Amino acid sequence: MSFSVGLKLLALPLVLAMTGLPDVNAGESAAQVNVLAMKNGGVVLAHTSQYDKEYPVNAMIDGSLENYWASGKPSPEGPYPQSFVIEMDQVYALEKLVIDNRETDEEDYPGVSAREVRFSVSATSSREGWKPLLTVQALQFGRKEIRLPKPVNGRWLKVEIMSNYGNPMFVEINELEAYGQPVGKKAPFPDANGVYQTNYQLLMLEVDGEEVTGCYELDKGFVYGKTNGRVFDIKWVEHKGKESGTALLVSSSDGFLNGLWYEDGIMKGPWFGNKLPDRATIQCDPVSAAMGVGFNASTLVDYRH
């Protein structure tokens, strides 16, 4: 099956064993964890543009140099400024920022890499309390690491691209990273149970501890996997088990779900949406959806394990 917008979902074998969320702290100190990465709870809340589903803004925080963000159709003034707002899972005393341009498309679009990049930070909200952090010159063919003179507290990071290396049409970034120490106790994540209006129609998630199940109306799909309440590492299955794949979704502090879905391990585009009021209904349920994609009575009871 394919989505109504023409995105073919992953054609992978039906896999019942879940590996769960990565242990982001295994062998790492807190300062070594990239707190912008989606797998660690980073989520993009707003952005000015993206070229299309193959070069989404989420690609900047997916932890892979195989993917990158590209700006959308330029205005008469050029491809910048561009800006993004990224929320972390809690307040951090930020110590280091990274801009990685090692795998942007400089071969076909010379000068496309971001150059002058301005950072601001807020510990208040994604809409106010912004404080200028610094402006840096990113590297055209490399990775720029910037260690701050002293740690700065923040949960929301605003990134503004003010120039590139000369391309008149587009600007790109491979990866953005941030490192620091957690400040205070992490606030409980909002209840993620419910129905979301996504770019692929309605999606329902049901959370039970670290387990998550759900379904989506489009093609009567079933989802299942692991969560810490904010990051959802899931598999999806549809068309009676003939099509399946993975997705990594992150829920923001105000119920905005944003992430990426994959085909054969290849990123295919964003999957995002807002949580609807609790009274919202959906024309599917996880049990029926699971059985509809090939889980029988004997496997349904232990599909999570």
Side-chain angles (χ1 to χ4, degrees), residues 18 20-25 30 33-47 56-58 61-62 84-94 121-130 153-158 178 180 182-217 223-236 246-261 270-282 284-286 304:
M18 293 300 299
L21 291 172
D23 183 357
V24 298
N25 292 315
V33 174
N34 173 15
V35 297
L36 292 188
M38 289 193 301
K39 70 176 183 178
N40 298 332
V43 57
V44 177
L45 301 183
H47 64 278
V57 65
N58 291 336
I61 57 171
D62 72 342
F84 322 94
V85 175
I86 305 172
E87 179 185 273
M88 294 164 274
D89 66 340
Q90 71 167 88
V91 174
Y92 287 90
L94 298 176
V121 68
S122 173
T124 305
S125 78
S126 63
R127 296 179 176 85
E128 58 185 3
W130 292 107
N153 289 358
R155 186 178 183 185
W156 293 270
L157 190 68
K158 182 187 295 182
V183 175
K185 293 183 178 180
K186 186 179 297 185
F189 298 139
D191 183 10
N193 287 281
V195 178
Y196 296 79
Q197 180 66 64
T198 81
N199 54 324
Y200 295 130
Q201 300 182 14
L202 295 181
L203 164 71
M204 181 177 71
L205 298 178
E206 291 186 351
V207 179
D208 182 8
E210 294 183 351
E211 312 292 345
V212 58
T213 58
C215 60
Y216 48 92
E217 287 185 343
V223 299
Y224 65 104
K226 298 288 186 178
T227 184
N228 63 2
R230 180 176 174 93
V231 181
F232 294 81
D233 185 7
I234 61 175
K235 293 182 181 289
W236 56 263
T246 62
L248 188 65
L249 308 177
V250 185
S251 177
S252 74
S253 57
D254 59 358
F256 177 59
L257 196 68
N258 198 1
L260 296 168
W261 65 275
W271 195 355
F272 60 89
N274 287 300
K275 188 178 180 184
L276 298 176
D278 291 340
R279 64 180 181 275
T281 59
I282 186 171
C284 67
D285 69 86
R304 298 188 183 108

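Please read all numbers here as calculations on a predicted model, not as lab measurements.
- Within the 4.5 Å cutoff, no side-chain heavy atoms of Asn274 are placed close to those of Gln197.
- Using a distance-only test at 3.5 Å, with no hydrogens or angles considered, a donor-acceptor pair links the side chain of Asn258 to the main chain of Val44.
- Using a 4.5 Å heavy-atom threshold, the side chains of Leu205 and Leu257 count as touching.
- Atom CH2 of Trp130 and atom OG1 of Thr124 lie 9.5 Å apart (nearest 0.5 Å).
- Pairing each heavy atom of Cys215 with each of Val223, the nearest pair is N-CG2, 4.0 Å.
- Not a single donor-acceptor pair under 3.5 Å links the side chain of Arg155 to the backbone N or O of Ala123.
- With values rounded to the nearest 0.5 angstrom, Glu217 atom CD is found 4.0 Å from Leu202 atom CG.
- Between the side chain of Asp208 and the backbone N or O of Glu211, no donor-acceptor pair lies under 3.5 Å.
- Not a single ring pair (Phe, Tyr, Trp, His ring centres under 6.0 Å) links Phe272 to another residue, sequence neighbours left out.
- Taking the side chain as every heavy atom from C-beta outward, Val43 and Arg230 approach each other to under 4.5 Å.
- Contact of the Tyr216 side chain with the Thr198 side chain is not registered, since no non-hydrogen atoms from C-beta on lie closer than 4.5 Å.
- Looking only at distances, a side-chain donor or acceptor of Lys275 sits under 3.5 Å from a matching main-chain atom of Asp191.
- The side-chain heavy atoms of Ser122 and Glu128, taken from C-beta on, include no pair separated by under 4.5 Å.
- Here the closest non-hydrogen pair linking Val183 and Ala93 is CG2-N, 3.4 Å.
- The heavy-atom pair separating Phe232 from Ala192 by the smallest distance is CZ-CB, 3.4 Å.
- Put simply, the side chain of Asn58 gets close to the backbone of Gly259: a donor and an acceptor are under 3.5 Å apart.
- For the pair Asn199 and Pro270, the tightest heavy-atom approach, listed with the atom from each and the gap, is ND2-O, 3.0 Å.
- For Val231 against Met38, the heavy-atom pair with the smallest separation is CG2-O, 3.6 Å.
- Summarising the geometry, atom OG belonging to Ser252 is positioned 13.0 Å from atom CD1 belonging to Ile86; distances are rounded to the nearest 0.5 Å.
- Pairing each heavy atom of Trp156 with each of Ser126, the nearest pair is CD1-CB, 3.5 Å.
- Between the CD atom of Gln201 and the CD1 atom of Ile282 there is a distance of 9.5 Å, given to the nearest 0.5 Å.
- Inter-residue side-chain proximity for Tyr92 and Gln90 is flagged as met; some heavy-atom pair is nearer than 4.5 Å.
- A side chain to side chain contact (heavy atoms under 4.5 Å, CB included) with Val212 is found for one member of Leu249, Val207, Asp233 and no other, namely Val207.
- Note: Glu206 CD to Thr227 OG1 = 13.5 Å, rounded to the nearest 0.5 Å.
- Atom NZ of Lys186 sits about 12.5 Å away from atom CE of Met88, to the nearest 0.5 Å.
- In this model, no donor atom of one side chain and acceptor atom of the other lie less than 3.5 Å apart for Asn40 and Asn34.
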